[in-house]
Amino acid sequence: MKTPPGLQPLIDDGVIDEVVRSLKSGKEATVYLVRSGPHLRCAKVYRDMAQRSFQKRAQYQEGRSVRGSRQARAMGKSTSFGRREQETAWKNAEVDALYQLVAAGVRVPQPIGYFDGVLVMELVADADGNPAPRLGEVELSAETAREYHAVLIRDVVRMLSLGLIHGDLSEFNVLVAPDGPVIIDLPQAVNAAGNNAALPMLERDVNNLRSSLGRFAPELLATEFAREMWSLFEQGELRPDSVLTGVFVIEETIVDPDDVLLVIDDAREEEIQRQLRLAG
């Protein structure tokens, strides 16, 4: 295929040898299958801010650390420098998260390197070496669904133990490799301690997994893992190896309507994207 402009510098520098084809074009980036020597890998080319359609970016970025006070002030005032810094922080978020999560034992694509706004990473492949299917594209036995759910909940706990929430986790952001599920797409990763909408986002992530895998193992639909792990996190007692029960009594609390609207808006956009993918 014709080499996309964003990948030509990587070919010129010998980072990759060939662009095989496009794998996925989404609201945040386009992912390409590329060849580097004998290896097939993924190259994720992030869209510039003006090209992106993802809503509520500021809400996802709330609580993220920046390099220094000058950058923070510029981002807060939305100056041209601040917008550039915000753009850089957004693109770097996934790279930083991947390295942290790999070190913590979370099954995510292994990052190879980050070059001029392009993330090169491991290709998650099926048993035949082809790009692995998404969780929403496979049929599972009840036993396998329960196994995958346990693995993914464990990984969400490990993420939260690091202070991170995926923020957009669903059956479309989980790949199914021969050794189990792999979480992908983390540019919107949320700072759990510094974001006022962290709990609704965690609940949406966990409940998306519950709904998807509950189609094959209905008993999963009665679980409440999000509130259970959040309660431990708030108390400073959540550990990567914390054993959860999935049982939690939800108390009636005052809900911030802005947080609810955030989740509704993002769920609506996710459903639109789902319908477009199904139609394509």
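We number each residue from 1, following the sequence as shown. Quick caveat: nothing in here was measured; it's all calculated off a predicted structure.
For the side-chain hydrogen bond (donor to acceptor under 3.5 Å, both in side chains) with Glu94, the lone residue among Tyr99, Tyr114, Tyr46 that qualifies is Tyr46.
Using modelled atom types, one side-chain atom of Gln188 and one backbone atom of His166 make a donor-acceptor pair closer than 3.5 Å. Judged purely by atom type and a 3.5 angstrom limit, Ser242 has no side-chain atom pairing as donor or acceptor with the backbone of Leu238. Remark: side-chain polar atoms of Asn173 are not paired, donor with acceptor, to backbone N or O of Asp185 under 3.5 angstrom. For the pair Thr144 (side chain) and Leu140 (backbone), a donor-acceptor distance under 3.5 Å is absent. One N or O on the side chain of Asp205 and one on the backbone of Gly167 form a donor-acceptor pair closer than 3.5 Å. Side-chain N or O atoms of Glu203 include none that pairs as donor or acceptor with a backbone N or O of Ala226 at under 3.5 Å. Distance alone, capped at 3.5 Å, is enough to place a donor-acceptor pair between the Glu122 side chain and the Gln110 backbone. A donor-acceptor pair under 3.5 Å is absent between the side-chain atoms of Asp13 and the main chain of Val15, judged by distance alone. Between the side chain of Thr245 and the backbone N or O of Val247, at least one donor-acceptor pair lies under 3.5 Å.
Looking at Tyr148 and Val176, their side chains come closer than 4.5 Å, going by heavy atoms from C-beta outward. Using a 4.5 Å heavy-atom threshold, the side chains of Leu33 and Leu123 count as touching. Side-chain contact check for Pro131 versus Leu23: some heavy-atom pair is nearer than 4.5 Å. Between Val206 and Ile153 the shortest side-chain heavy-atom distance falls below 4.5 Å. Using a 4.5 Å cut-off on side-chain heavy atoms (C-beta onward), Ser231 and Phe248 make contact. Residues Val118 and Leu10 form a side-chain contact, since some pair of their non-hydrogen atoms from C-beta on lies under 4.5 Å apart. With contacts defined as side-chain heavy-atom distances shorter than 4.5 Å, the pair Val95/Pro111 does not qualify. The shortest distance between side-chain heavy atoms of His149 and Phe225 falls below 4.5 Å.
Using a 4.0 Å cut-off between charged nitrogen and carboxylate oxygen, Arg41 and Asp17 do not count as a salt-bridge pair. Ion pairing of Arg107 with Asp179 is present here, as a side-chain N (NZ or NE/NH1/NH2) and a carboxylate O approach within less than 4.0 Å. Using a 4.0 Å cut-off between charged side-chain N and carboxylate O, Glu224 and Arg210 make a salt bridge.
A donor and an acceptor atom, one from each side chain of Arg47 and Thr30, are located under 3.5 Å apart. A donor and an acceptor atom, one from each side chain of Asp12 and Gln8, are located under 3.5 Å apart.
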_Check against side chain to side chain contact (heavy atoms under 4.5 Å, CB included), Asn191 and Leu164_ = CA-CA 5 Å; Asn191 180 328; Leu164 292 175; 5.9 Å; no

